[in-house]
Amino acid sequence: MLKREEIAQRIAQELRDGWYVNLGIGIPTLVANYIPEGISVEFQSENGILGMGPFPYEGTEDADLINAGKQTVTIRDGGSIFDSSLSFAMIRGQHVQLTVLGAMEVSEKGDIANWKIPGRMVKGMGGAMDLVASADNIIVAMSHTNKRGESKLLKECTLPLTGVACVKKIVTNLAVLDVTDEGFKLLERAPGVSVETIIQSTEGKLIVDGEIPEMQI
Amino acid sequence: MNKIVASSDKAIEGILDGMTIMVGGFGLCGIPENCIAALVRKGVKGLTCISNNAGVDDFGLGLLLQQKQIKKMISSYVGENEEFERQMLSGELEVDLIPQGSLAERCRAGGAGIPAFFTPAGYGTEIAEGKEVRAYNGKPHILEKALTADFALVKAWKGDPYGNLVFKGTARNFNPVMAMAGKITVAEVEELVEPGELDPNFIHLPGVFVQRIYQGSHYEKRIEQRTVRSKN
């Protein structure tokens, strides 16, 4: 099973030179630590930064420079700052090539739920609905099952949706999967995790085609 | 032209019970701290607040929530405030959650004379319920209406008597679009400068959108998630 950092590491392998990338809160934020050598990507934070840099050194943090998770950050040379409307113009207008975000549930059709548990958690969707409705390429980073051991890769989402038929790829602690017209297609398994375990942990339709390689991390 | 008012109390004059106000900021970054404090002092009630977030329990809009001055919140994310959650779950507080990009664009549209627009955000979700759906380029979009407010309260880094504003870092966020959408827009600035001191080429928000301006004081600029890395 992959640790959080390893999920981020595997997702980082999907980055391509020249891409603008929006990283969600949690595991997605960690992707910035594993940019493959020799490629250049720029991170967009929807509260208004392009060219977001790493966390500041202690003592240099600036209350006027935060990311969408309200964490103090830095801005790299060549970066820029803008207002919220322009930020979502970049997102809606598909000028950002990749969105990585977390989820509570994903359906075999690529529907995603990650903003509300009726009666229990109502924090709001933030920018997630705009991001998933517009991004060309969406990768979900999440654990394969919830705390009760139930699959988060479902036939149909049970929670209120964030977006429909939008997720393209999922990286979990057990596997890498593509969302296809026929269902979840298993591409890779985490080191030491059997295909059988992944089948048992996936409620939605899972396509296992031939030998499934282990992820290279 | 001189839009300077003497104090935060003067700046919010005319805000009455039951009015709709926009409040700039993202989390606690770029919030009009002095205007919020003045609203607490004034004790005005039954407000509808349009703001991306609702502050934390003891700062930002949380201060107005504590005093039960807010009737309704229109926001995109409200996860950092326990008093907010309590009031919402008990039904004391009405809450309208809308996608962040739609919130920003609805404010911008309100200030730009665009009554409504189609966006793909939220299609197929519960926020699309009751909204007109139309397909463009083969993709379904929902109709979102512009937002305006009786007052918009914004915070900038620098401003001049004409109301021209310059923001600092990510404290810009919702402030410019909300300033555009206020019938009366109040800007509080860290530094009020003389006319001509701001380079017209680098003004983020032209003064036409601002009706009142004053220099705030005692900025706390609280950080929600202080995150640092070590030098090694």
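This structure is a prediction, so every number in the text was calculated from the model and none was measured. So you know, we letter chains A, B, ... as the sequences are listed, proteins then strands, and number each from 1.
If you measure heavy-atom distances from B:V177 to chain A, the contacts under 4.5 Å come from the side chain alone. For chain A, no part of B:N52 is nearby; none of its heavy atoms comes within less than 4.5 Å. Using a 4.5 Å cut-off between heavy atoms, A:T162 contacts chain B through its backbone alone, with no side-chain atom that close. B:L28 does not touch chain A: none of its heavy atoms, backbone or side chain, sits under 4.5 Å away. With a 4.5 angstrom heavy-atom cutoff, A:N67 touches chain B only via backbone atoms. Only the side chain of B:E190 comes within less than 4.5 Å of a heavy atom in chain A; its backbone stays farther off. Heavy atoms closer than 4.5 Å to chain B are found in both the backbone and the side chain of A:A68. Contact annotation for A:F88: only side-chain heavy atoms (C-beta onward) come within less than 4.5 Å of a heavy atom of chain B.
In terms of heavy-atom pairs under 4.5 Å with chain A, the best-connected choice from B:R106, B:K139, B:E126, B:M88 is B:E126. Chosen from B:A171, B:P120, B:G124, the residue pairing most often with chain A at heavy-atom distances under 4.5 Å is B:P120. Considering only heavy-atom pairs separated by less than 4.5 Å from chain A, the leading option among B:A104, B:P99, B:C107 is B:P99. For the set A:L65, A:D62, A:N47, the count of heavy-atom pairs under 4.5 angstrom toward chain B peaks at A:N47. Of the residues considered (A:V132, A:I81, A:L131), A:I81 shows the highest number of contacts with chain B, using heavy-atom pairs under 4.5 Å. Comparing A:G48, A:G119, A:S85 by heavy-atom pairs within less than 4.5 Å of chain B, the highest count is held by A:S85. The candidate from B:N175, B:I127, B:L89 with the greatest count of non-hydrogen atom pairs under 4.5 Å with chain A is B:I127.
Within a 6.0 Å sphere centred on NZ of A:K168, heavy atoms belonging to other residues, nucleotides or ligands number more than 12. At most 12 heavy atoms of other shown residues, nucleotides or ligands fall within 6.0 angstrom of atom CD in A:E58. Within 6.0 Å of CZ on A:F82 lie more than 12 heavy atoms contributed by other residues, nucleotides or ligands. Atom NZ of B:K221 sits in a crowded spot, with more than 12 heavy atoms from other residues, nucleotides or ligands closer than 6.0 Å. More than 12 heavy atoms of other residues, nucleotides or ligands sit less than 6.0 Å from atom NZ of B:K183. For B:Y214, the OH atom counts as densely surrounded, since its 6.0 Å shell holds more than 12 non-hydrogen atoms of other residues, nucleotides or ligands. In A:D17, the CG atom is crowded: over 12 heavy atoms of neighbouring residues, nucleotides or ligands sit closer than 6.0 Å. Within 6.0 Å of CG in B:N201 there are more than 12 heavy atoms belonging to other residues, nucleotides or ligands.
Rounded to the nearest 0.5 angstrom, A:E61 CD and B:R226 CZ are separated by 4.5 Å. Rounded to the nearest 0.5 angstrom, A:T72 OG1 and B:E224 CD are separated by 11.5 Å. Atom CD of B:Q100 and atom CD1 of A:I91 lie 8.0 Å apart (nearest 0.5 Å). Rounding to the nearest 0.5 angstrom, the gap separating the OH atom in B:Y77 from the CD1 atom in A:I25 is 6.0 Å. Rounding to the nearest 0.5 Å gives a distance of 7.5 Å between NZ of B:K231 and OH of A:Y57. The distance from atom NZ of A:K123 to atom CG of B:N53, rounded to the nearest 0.5 Å, is 12.0 Å.
The shortest side-chain heavy-atom distance between A:M125 and B:T125 does not fall under the 4.5 Å cut-off. Under the 4.5 Å side-chain criterion, counting only non-hydrogen atoms from C-beta, B:F26 is in contact with A:K70.
Shown here for A:D130 and B:S102, the closest heavy-atom pair between the two residues is OD1-N, 3.1 Å. Across all non-hydrogen atoms, the minimal contact from A:M129 to B:G122 is SD-CA, 3.9 Å. Of all the heavy atoms in A:A133 and B:A121, the pair that sits closest is CB-CA, 3.6 Å.
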Let's go through B:Q225 and A:I66 carefully: what are the C-alpha distance in whole Å and the side-chain angles of both, what is the deciding distance for side chain to side chain contact (heavy atoms under 4.5 Å, CB included) to 0.1 Å, and is it a yes or a no?
CA-CA 9 Å; B:Q225 307 284 341; A:I66 62 168; over 6 Å; no
With side chain to side chain contact (heavy atoms under 4.5 Å, CB included) as the test, would you mind laying out the steps for B:L97 and A:K116 before giving the verdict?
CA-CA 11 Å; B:L97 291 169; A:K116 183 177 183 182; over 6 Å; no
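Ion pairing between B:R108 and A:D83 fails under the 4.0 Å rule for side-chain N and carboxylate O.
In this structure, A:R92 contributes its side chain and B:G101 its backbone to a donor-acceptor pair below 3.5 Å.
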